[in-house]
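What follows is a single structure, written as structure tokens, with notes after it.
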Protein chains: 2
Amino acid sequence: MARERVTVVDIARAAGVSKSTVSLVLQGSSLVNEATRAKVNAAIRELGYVYNRGAANLRQSKSKIIGIVVNDLTNSFFAELAVGVDAVVQSAGFVQFLANTGEKSERQREVIASMREHGVSGLIISPARGTEVSDLAPLVASGIPVVLVVRDIADAGVSSLISDNHAGAMAAVRHLIERGHRRIAFLGGFPDTAVFEARMRGFRDALREAGMPAVDELVIGSAPSRAGGVTAIEQAMMLKERPTAALCFNDAVAFGVCDGLRARRLEPGADFAVIGFDDVIEAKTAVPALTTVSVDPQGMGERAAELLLKQIMAGRAEPEAIVSPVRLVVRQSCGGTVERRVKEISS
Amino acid sequence: MARERVTVVDIARAAGVSKSTVSLVLQGSSLVNEATRAKVNAAIRELGYVYNRGAANLRQSKSKIIGIVVNDLTNSFFAELAVGVDAVVQSAGFVQFLANTGEKSERQREVIASMREHGVSGLIISPARGTEVSDLAPLVASGIPVVLVVRDIADAGVSSLISDNHAGAMAAVRHLIERGHRRIAFLGGFPDTAVFEARMRGFRDALREAGMPAVDELVIGSAPSRAGGVTAIEQAMMLKERPTAALCFNDAVAFGVCDGLRARRLEPGADFAVIGFDDVIEAKTAVPALTTVSVDPQGMGERAAELLLKQIMAGRAEPEAIVSPVRLVVRQSCGGTVERRVKEISS
DNA sequence: CGAATAATTTAGATCGATCCAAAATGCAAG
DNA sequence: CTTGCATTTTGGATCGATCTAAATTATTCG
């Protein structure tokens with residue numbers, strides 16, 4: 001196998017036309033006669049021609065590649081985000097370079113550089129923890145469109161698409177208060193991130209609004225993972241005055257909290273109210289189904305991709321900062337008996 | 001911003017040398033004098049030069065891109081697989097094109113074609129359901145290295161890396177029998193897939209080995225998801241003679257089965273033994289921790305990537321069919337009290 | 001039928017790097 | 001101060017497509 005590459009010249013020869021004509025056909029130009037177009041297409045099929053996008057890009061100096069870099073692909077939130085991006089991007093005729101940084105900003109620098117070398121025409125980035133404006137500076141200076149998702153970086157000078165973490169957290173806590181809870185914990189997440197900060201502020205503001213004190217020992221950070229949730233709830237249950245409900249940093253933490261409760265023979269939902277954040281797919285089917293603030297990761301990926309494509313098409317666009325509305329989906333884990341009751345929040 | 005592209009010629013001019021010399025420096029050639037190398041590197045930094053890999057690829061007719069196409073990225077098994085591939089591939093200086101087919105073979109055809117046009121130098125494919133040899137034929141005919149993972153396709157003429165599904169299922173069922181279970185179900189998965197077939201065969205063979213009858217009504221297919229697991233266990237518990245244990249098609253199904261059991265006030269582990277398949281990260285931290293046949297998705301991704309890279313380097317390699325060993329990790333969900341007892345199976 | 005106009009087709013330069021063969025330079029020995 | 005050999009550097013062709021401007025062919029019409 002592995003025979004010589006078939007090029008436009010080969011198929012031009014086979015079809016008895018010039019390579020220019022072949023190029024026209026490849027681009028679906030209307031300038032070319034039906035009969036010749038048919039001849040050329042026949043030759044293309046005959047010789048098993050494969051278009052060389054790299055060569056075309058070189059001449060046109062633009063590509064149909066977009067890059068997406070995520071901080072943790074093993075977290076299904078980000079996997080779903082990537083799926084959303086992929087769907088939009090593919091149907092626009094682009095392909096995506098996907099890289100996982102695993103929260104390491106060194107690797108993030110490398111992969112962004114690598115993507116630039118490959119000539120991506122736009123980049124969607126969910127920044128690694130601790131990413132600074134200076135990490136992104138050379139990229140934004142180059143003028144290629146960038147959309148930040150999930151985590152914003154102040155003054156980076158690029159578009160961003162984040163969810164309304166503050167409003168979501170407030171709505172969740174209000175709901176818990178309405179149900180009669182008076183000792184509510186905020187569990188999980190790394191305290192030095194903007195997302196944590198926003199959700200925690202929502203938590204605090206809702207308590208203040210209800211005239212309830214914010215007890216510091218009820219805010220317990222941890223890794224934003226299932227395992228982190230287990231340790232956070234364990235710590236919470238060691239307190240003299242235990243909480244009766246918790247808003248969790250994200251769904252993974254919430255699942256861990258449920259696990260940890262069961263390990264102490266407490267039934268999530270019945271004995272202790274748990275609310276998550278993100279609404280990953282498993283949230284709906286878990287038992288008990290998880291009450292959570294729905295961020296719709298896949299939809300967010302789609303919107304990020306659309307925003308990026310818009311900017312790519314427009315050439316030069318003003319950076320937009322979009323805050324995506326969020327809604328509380330009440331399921332069983334917060335003691336609700338009402339399935340599928342949905343509260344619209346917004347912004 | 002968005003100024004003119006800086007090319008080798010520009011930096012050659014700035015450094016007062018020829019573009020050939022610059023090219024040599026870029027490739028880290030030892031032919032070039034230390035002093036000039038320094039001058040060139042200075043100019044590169046000064047002008048903010050970005051290497052154009054596309055142009056280089058054109059001349060060298062080889063790229064540092066590998067493609068990975070997965071059938072369902074929202075399944076964390078495949079997300080982890082992709083992470084494993086990414087890790088190896090990145091440290092070998094490659095980047096990965098990742099595409100999600102969502103089990104649609106039409107989309108699979110498109111993305112494979114697109115990747116070929118972009119000149120990937122190798123492809124790792126976890127085929128969509130119902131992929132035929134003919135779907136892959138043009139690809140393998142082109143001679144570019146391909147590694148099939150997770151699902152093999154007979155006679156495709158390419159390398160494959162699958163887990164030892166048969167041995168894994170047998171070990172799991174043997175374990176359940178040792179614990180005294182006599183009515184064991186096989187739950188979840190689409191019956192028309194090779195993976196299902198292999199795992200089910202292992203299930204049957206272990207029963208036969210123990211002289212136990214294989215009861216058809218105890219084999220219940222479903223979607224290979226958490227939701228599918230819920231419906232499968234519900235169906236199983238409707239039988240007159242209920243099972244006391246189940247081997248599940250994969251971990252997602254197993255989690256669903258646990259959910260379904262709880263919904264009936266049965267505690268997985270204590271009241272009913274559940275064994276999964278794959279060993280996704282959550283298996284360890286779930287409560288009860290899931291006994292499962294460990295496939296190590298991330299490790300599998302790494303090995304697939306290594307195999308592919310080997311073939312790319314070798315130019316032309318014989319297709320290998322690797323069956324990756326698998327081990328039963330006994331945790332709590334099968335009623336075990338022994339934590340972290342590990343049985344090595346193999347093949 | 002020939003000029004004018006419209007519809008097709010094409011030669012050759014070009015994108016940004018690599019590679020080859022050949023030229024330029026440095027250095028040691030005679 | 002050459003000659004000979006090793007070390008560096010370089011011009012120009014090349015990869016496979018696109019693009020421009022111009023050439024060719026077809027069609028219309030007075």
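All figures in this text were calculated on a predicted structure; none of them were measured in a lab. Just so we're on the same page: letters track the sequence lines, and every chain starts at 1.
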Handout entry: Any donor-acceptor N/O pair, B:D10 side chain to B:T7 backbone, under 3.5 Å
Key = yes
Exercise for the section: Give the C-alpha distance, both sets of side-chain angles, the deciding distance and a yes or no for side chain to side chain contact (heavy atoms under 4.5 Å, CB included) between A:I144 and A:L139. Expected result: CA-CA 7 Å; A:I144 98 171; A:L139 177 62; 4.0 Å; yes
Fill in the blank from the handout: Across all chains, not counting sequence neighbours, the ring pair (Phe, Tyr, Trp, His ring centres under 6.0 Å) partners of B:F97 are A:F97, B:H118
Practice task
To the nearest Å, give me how far apart CZ (A:R59) and C1' (D:dT20) are.
Solution key: 9 Å
Please write out the pairs of protein N or O atoms and N or O atoms of nucleotides 22-28 of chain D separated by less than 3.5 Å, giving the distance to one decimal.
none

Exercise for the section: Can you tell me the distance, in whole Å, between the NE2 atom of B:H118 and the P atom of D:dA17? Expected result: 13 Å
Problem - Bend angle of the helix from C:dC1-D:dG30 to C:dG30-D:dC1, from helix axes over five pairs at each end, nearest 10° - result: 50°
Please tabulate, for side-chain N and O atoms in residues 119-132 of chain B, each donor-acceptor pair with protein atoms closer than 3.5 Å (sequence neighbours left out).
from: B:S121; atom 1: OG; to: B:S63; atom 2: O; distance (Å): 3.0
from: B:S121; atom 1: OG; to: B:I65; atom 2: O; distance (Å): 3.2
from: B:S126; atom 1: OG; to: B:N71; atom 2: OD1; distance (Å): 2.5
from: B:R129; atom 1: NH2; to: B:D192; atom 2: OD1; distance (Å): 2.8
from: B:R129; atom 1: NH2; to: B:D192; atom 2: OD2; distance (Å): 2.8
from: B:T131; atom 1: OG1; to: B:Q108; atom 2: NE2; distance (Å): 3.0
from: B:T131; atom 1: OG1; to: B:A128; atom 2: N; distance (Å): 3.3
from: B:T131; atom 1: OG1; to: B:A128; atom 2: O; distance (Å): 2.5

Can you give me every donor-acceptor pair (side chain of residues 78-88 of chain B, partner residue at least two apart or in another chain, under 3.5 Å) with its distance?
from: B:E80; atom 1: OE2; to: B:I281; atom 2: N; distance (Å): 3.3
from: B:D86; atom 1: OD1; to: B:Q90; atom 2: NE2; distance (Å): 3.1
from: B:D86; atom 1: OD1; to: B:Q96; atom 2: NE2; distance (Å): 3.2
from: B:D86; atom 1: OD2; to: A:N100; atom 2: N; distance (Å): 3.1
from: B:D86; atom 1: OD2; to: B:Q90; atom 2: NE2; distance (Å): 2.7

Exercise for the section: Nearest whole angstrom, please: distance from the C1' of D:dT9 to the CZ of B:R37. Expected result: 13 Å
Problem - Polar contact flag, side-chain donor to acceptor under 3.5 angstrom, B:T21-B:S18 - result: yes
Practice task
Could you tell me whether the phosphate oxygens of D:dC19, OP1 or OP2, come under 4.0 Å of any side-chain nitrogen or oxygen in A:Q27?
Solution key: yes
Exercise for the section: With sequence neighbours excluded, give me every salt bridge (Lys or Arg N to Asp or Glu O under 4.0 Å) pair touching residues 138-159 of chain B. Expected result: B:E103-B:R151
Completion exercise
Rounding to 0.5 Å, atoms OG1 (B:T36) and NZ (B:K39) come to a distance of 6.0 Å
Exercise for the section: On DNA chain C, reading 5' to 3', which nucleotide is the first and which the last to sit with an atom under 4.0 Å from a heavy atom of chain B, could you check? Expected result: C:dG16 to C:dC19
Handout entry: Residues which pass salt bridge (charged side-chain N to carboxylate O under 4.0 Å, His left out) with B:E110, listed by chain and number, not counting sequence neighbours
Key = none
Residues 303-313 of chain A side chain polar contacts: donor-acceptor under 3.5 Å, at least two apart:
from: A:R303; atom 1: NE; to: A:G299; atom 2: O; distance (Å): 3.4
from: A:R303; atom 1: NH1; to: A:S324; atom 2: OG; distance (Å): 2.7
from: A:K310; atom 1: NZ; to: A:E320; atom 2: OE2; distance (Å): 2.8
from: A:Q311; atom 1: NE2; to: A:S159; atom 2: OG; distance (Å): 2.5

Handout entry: Closest-nucleotide 5' rank along DNA chain D - winner of B:S30 and A:N52
Key = B:S30
Practice task
Enumerate the residue pairs fulfilling side-chain hydrogen bond (donor to acceptor under 3.5 Å, both in side chains) with a member in residues 45-60 of chain B, sequence neighbours excluded, ordered by first and then second residue.
Solution key: A:E117-B:R53
Fill in the blank from the handout: d(B:L73 CG, B:I68 CD1) to nearest 0.5 Å is 8.5 Å
Completion exercise
What residues 9-21 of chain B contributes to the DNA chain D interface at heavy-atom separation below 4.0 Å is B:V17, B:S18, B:K19, B:S20, B:T21
Handout entry: Residues which pass salt bridge (charged side-chain N to carboxylate O under 4.0 Å, His left out) with B:E34, listed by chain and number, not counting sequence neighbours
Key = B:R37
Practice task
Hey, which sits more toward the 5' end of DNA chain C by its nearest nucleotide, A:T36 or B:T7?
Solution key: A:T36
